Q: 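Quick one: the structure is below, and I'll ask about it shortly.
None of these values were measured; they are calculated from a predicted model. FYI, the numbering just counts along the sequence from 1. In listed order, ligands and their atoms are each counted from 1.
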Amino acid sequence: MDFSLNEEQKLIQEAARDFAQTELLAGVIERDDAQRFPKEEIKKLGELGFLGMMVDPKYGGSGLDTLSYVLAMEEISKIDASTSVVMSVNNSLVCWGLEKFGTEAQKEKYLTKLTTGEQIGAFCLSEPEAGSDATSQKTTAIDMGDHYIVNGTKNWITNGGTASTYIVIAQTDKDKKHRGINALIIEKGTPGFEIGPKENKLGIRGSDTHSLIFNDVKVPKENRIGEDGFGFKFAMKTLAGGRIGIAAQALGIAAGAYELALKYSKERKAFGTEISNHQAIAFKLADMHTEIQAARLLVYQSALDKDNDRDYDLSGAMAKLYASKVAMETTVEAVQIHGGNGFVKDYHVERLMRDAKITQIYEGTSEIQKIVISRSILK
Ligand code: CAA
């Protein structure tokens with residue numbers, strides 16, 4: 001498989017790297033501390049075309065491939081994973097699904113604003129009692145003829161407070177189980193739709209995570225995505241691509257921590273020499289470098305599978321499983337290499353370590369990825 005990048009992909013990578021250095025780095029510690037959403041930064045990302053990267057330009061997108069998207073995700077995540085999760089959800093879970101399965105009217109009304117950053121999207125599947133077990137949806141969307149009435153609660157919703165457009169998964173016909181589930185577009189401000197409290201999180205603290213409450217929310221039928229009962233498949237297909245984005249995020253967190261550790265090890269002296277000259281540190285760097293490159297190849301492979309219309313459920317799950325493990329292990333080692341300095345905020349690696357953890361949890365935990373992988377290889 002050829003992983004060499006073309007000129008356009010290299011330019012995207014460079015632009016994302018530049019953006020992360022010039023726009024994200026300076027405020028990232030303060031945003032993490034204060035749990036402040038990167039509002040201005042996201043606006044600029046939208047203006048640069050990073051929020052609808054894979055969408056057709058006729059809907060305001062950048063018309064790029066998935067590999068360009070993962071390259072940008074990696075670069076942004078090296079510096080600020082709170083910003084990259086906003087980018088990932090908007091690109092993969094909202095824009096991609098709307099473009100692929102939405103009606104022309106839905107694309108005109110919503111997609112054109114979501115690709116440019118005029119609006120941000122949220123993907124609402126998880127519930128207090130339906131996390132990994134996603135078919136157990138308790139939120140209901142009762143069919144009333146020309147509209148649905150939605151009731152229920154969603155949990156841990158990324159962009160929960162800042163989004164304007166919410167894709168909400170809800171059960172219409174319980175007897176049909178997952179085949180009775182629908183995906184509905186619900187606008188912020190719709191009567192009965194309330195934003196719950198913001199979560200106080202271990203990592204990605206700059207991102208905005210809320211519960212959402214729906215009390216007799218009236219949603220027109222034209223806001224349903226796909227045929228009646230398509231909602232669960234919509235969620236699964238969308239998440240399969242989303243996992244590639246989160247795998248790229250994990251890769252970026254790992255690579256960011258490694259780059260910091262490498263630099264530090266050449267500056268910090270102990271026992272009369274730079275610590276990189278001690279084999280204990282050099283071997284850690286060797287392991288990190290090797291594992292990050294292995295994760296990168298899996299991430300690129302899954303992106304190329306998607307771009308070449310090959311099945312990417314398996315490769316995306318493998319990429320997410322492995323890259324998130326590497327992110328967790330690499331960031332812990334990066335803190336270790338930094339010693340006491342690694343434990344304080346100014347050196348960035350403790351934040352990357354906290355941010356890494358969520359990549360093993362959201363868009364399907366590592367255990368869920370193993371279900372997807374094992375089912376695929378055993379069938
Ligand atoms: N593509 C298309 N259809 C799929 C699919 C896929 N990748 N995976 C499953 N399906 C279909 C199946 O074919 C089946 O349909 P039929 O019966 O009509 O054939 C249906 O979905 C149900 O599939 P399963 O029987 O496999 O369902 P299951 O109950 O065993 O669950 C699961 C499968 C993979 C474990 C699934 O529940 C799952 O992915 N759980 C994790 C949920 C998750 O990732 N949540 C993340 C929340 S979003 C988030 O985190 C965003 C954020 O904030 C950043």
Side-chain angles (χ1 to χ4, degrees), residues 73 77 81-97 100-101 120-137 139 154-163 166-169 171 173 176-183 198-199 201 203-204 206-212 225-250 302 305-306 310-318 320-321 324 355 357-376 378-379:
M73 276 296 297
S77 306
S82 293
T83 296
S84 72
V85 71
V86 180
M87 181 178 155
S88 175
V89 166
N90 203 72
N91 271 288
S92 312
L93 298 188
V94 179
C95 288
W96 184 84
K100 179 98 180 150
F101 302 110
I120 298 289
F123 179 82
C124 316
L125 173 69
S126 303
E127 298 188 352
E129 290 170 63
S132 291
D133 183 9
T135 51
S136 294
Q137 294 288 306
T139 298
K154 293 287 173 183
N155 258 26
W156 312 299
I157 303 303
T158 302
N159 303 339
T162 40
Y166 297 76
I167 297 182
V168 179
I169 311 299
Q171 185 82 53
D173 188 339
K176 291 188 182 160
K177 300 188 176 158
H178 65 266
R179 296 196 185 108
I181 289 173
N182 279 308
K198 180 170 166 155
E199 301 292 352
K201 308 190 297 282
I204 53 161
S207 75
D208 179 44
T209 311
H210 288 256
S211 53
L212 306 173
I225 303 175
E227 293 299 304
D228 183 29
F230 179 63
F232 191 73
K233 286 222 165 144
F234 169 83
M236 289 298 109
K237 283 175 188 280
T238 305
L239 276 168
R243 287 165 185 163
I244 300 174
I246 298 302
Q249 181 188 46
S302 61
D305 283 346
K306 185 159 172 287
R310 294 188 291 262
D311 174 73
Y312 54 89
D313 284 9
L314 173 63
S315 58
M318 291 196 300
K320 182 178 183 292
L321 175 68
S324 61
D355 289 350
K357 186 60 208 166
I358 192 62
T359 65
Q360 295 184 303
I361 297 173
Y362 57 23
E363 301 205 23
T365 61
S366 295
E367 292 73 14
I368 290 294
Q369 305 314 319
K370 287 183 192 180
I371 291 180
V372 174
I373 295 164
S374 57
R375 281 184 183 174
S376 171
L378 290 170
K379 82 178 173 203

Q: Under 3.5 Å, N/O to N/O: give me all the pairs between ligand 1 and the protein, one per line with atom names and distance.
A:
from, atom 1, to, atom 2, distance (Å)
ligand 1, 7 (N), D313, OD2, 2.8
ligand 1, 15 (O), H178, NE2, 3.3
ligand 1, 17 (O), H178, NE2, 2.8
ligand 1, 17 (O), R179, NH2, 2.8
ligand 1, 18 (O), R179, NE, 3.0
ligand 1, 18 (O), R179, NH2, 3.2
ligand 1, 18 (O), K233, NZ, 3.1
ligand 1, 26 (O), R375, NH1, 2.7
ligand 1, 30 (O), R375, NH1, 3.1
ligand 1, 30 (O), R375, NH2, 3.0
ligand 1, 37 (O), S132, O, 3.4
ligand 1, 39 (O), R243, NH2, 3.1
ligand 1, 40 (N), S132, O, 2.8
ligand 1, 44 (O), R243, NH2, 2.8
ligand 1, 44 (O), G364, N, 3.0
ligand 1, 50 (O), E363, N, 2.9
ligand 1, 53 (O), T158, OG1, 2.6

Q: Can you find a heavy atom in the side chain of I246 that is under 4.5 Å from one in the side chain of S88?
A: yes
Q: Tell me whether K198 at atom NZ has more than 12 heavy atoms from other residues, nucleotides or ligands lying less than 6.0 Å away.
A: yes
Q: Look up atom OG1 in T83 and atom CD in Q249, then write down how far apart they are to the nearest 0.5 Å.
A: 10.0 Å
Q: Heavy-atom count check: over 12 atoms from other residues, nucleotides or ligands less than 6.0 Å from K201 NZ?
A: yes
Q: With sequence neighbours excluded, what pairs up with R179 under the salt bridge (Lys or Arg N to Asp or Glu O under 4.0 Å) test?
A: none
Q: Hey, are E127 and T139 close enough side-chain-wise for a donor-acceptor pair under 3.5 Å?
A: yes
